[in-house]
Q: 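Just passing along the structure, written as structure tokens.
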Amino acid sequence: MNYWLMKSEPDAFSFEDLKARPKQTEPWDGVRNYQARNFMRDAMKVGDPILFYHSNTNPPGVVGIAQVASEPYPDPTAFDKKSKYHDPKSDPVKPRWILVDVAFKADLKRLVSLDEMKTMPELSEMRALQRGNRLSITPVTKDEFQAIKKAGMRKAPGT
DNA sequence: GCCAACGTTGGC
DNA sequence: GCCAACGTTGGC
């Protein structure tokens, strides 16, 4: 089992949006970065836990727990000329972009902010926190995952 | 294969 | 809105 952190801008698609989906599941479309694609294509397994992270918001941070909900399959938005994610270099015969479905798993009692994560000794090596990292999908270790989940299940930071 | 130009991400 | 970081593109 692998653990993941996946970023989303809440203005575009939030954790609340995921919960509000009829089956609480959403295809993670629009990823146009090869490293992030490779994680979905090669390393994710159905049931892998995901830290759902809100970026480009105030404050940024982990807002909830999701999980991988499908095998990898081609990103249909790449073939859709009307989609903002359209990529003429991807075609159904030889798809370039691959995604998985992501499903709601559990709420946290509160947001675990980026600021707070930076203070947590368990997260000092965490890939998503490294300087300059912009990957929208990164692996996290089991210990990192559990430290963040535990913090999010407490009512207030540090208590 | 190099690298300058350009585009995007995301914290602030 | 700014800008550092970094990925991609394309000329050579």
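Proteins get letters first, then strands, A, B, ... in listed order; numbering begins at 1 in each.
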Q: Round to the nearest Å and state the distance from R37(A) atom CZ to dT8(C) atom P.
A: 10 Å

Q: Write down the distance between CD1 (I137(A)) and C1' (dG7(C)), rounded to a whole number of angstrom.
A: 16 Å

Q: Please write out which residues are connected to F79(A) in a hydrophobic cluster, directly or through intermediates, given that two of Ile, Leu, Val, Met, Phe, Trp, Tyr count as joined at side-chain heavy-atom separations below 4.5 angstrom.
A: none

Q: Of all residues at least two apart in sequence or in a different chain, which pass the side-chain contact (heavy atoms from CB on, under 4.5 Å) check with E71(A)?
A: V46(A)

Q: Go through the structure and list residues passing side-chain contact (heavy atoms from CB on, under 4.5 Å) with D115(A), not counting sequence neighbours.
A: S113(A)

Q: Rounded to whole angstroms, how far apart are CH2 on W97(A) and P on dG7(C)?
A: 13 Å

Q: Looking at residues at least two apart in the chain, or sitting in another chain, which of them share a side-chain contact (heavy atoms from CB on, under 4.5 Å) with K118(A)?
A: L114(A)

Q: Please list, pair by pair, any protein nitrogen or oxygen found under 3.5 Å from a nitrogen or oxygen in nucleotides 9-12 of chain B.
A:
from: dT9(B); atom 1: O3'; to: R134(A); atom 2: O; distance (Å): 3.3
from: dG10(B); atom 1: OP1; to: K7(A); atom 2: NZ; distance (Å): 3.0
from: dG10(B); atom 1: OP1; to: R134(A); atom 2: O; distance (Å): 2.8
from: dG11(B); atom 1: OP1; to: Y53(A); atom 2: OH; distance (Å): 2.7
from: dG11(B); atom 1: OP2; to: N56(A); atom 2: N; distance (Å): 3.0
from: dC12(B); atom 1: OP1; to: K118(A); atom 2: NZ; distance (Å): 2.9

Q: Would you mind listing every salt bridge (charged side-chain N to carboxylate O under 4.0 Å, His left out) that reaches into residues 15-32 of chain A, with sequence neighbours excluded?
A: K19(A)-D107(A), R21(A)-E26(A), R32(A)-D75(A)

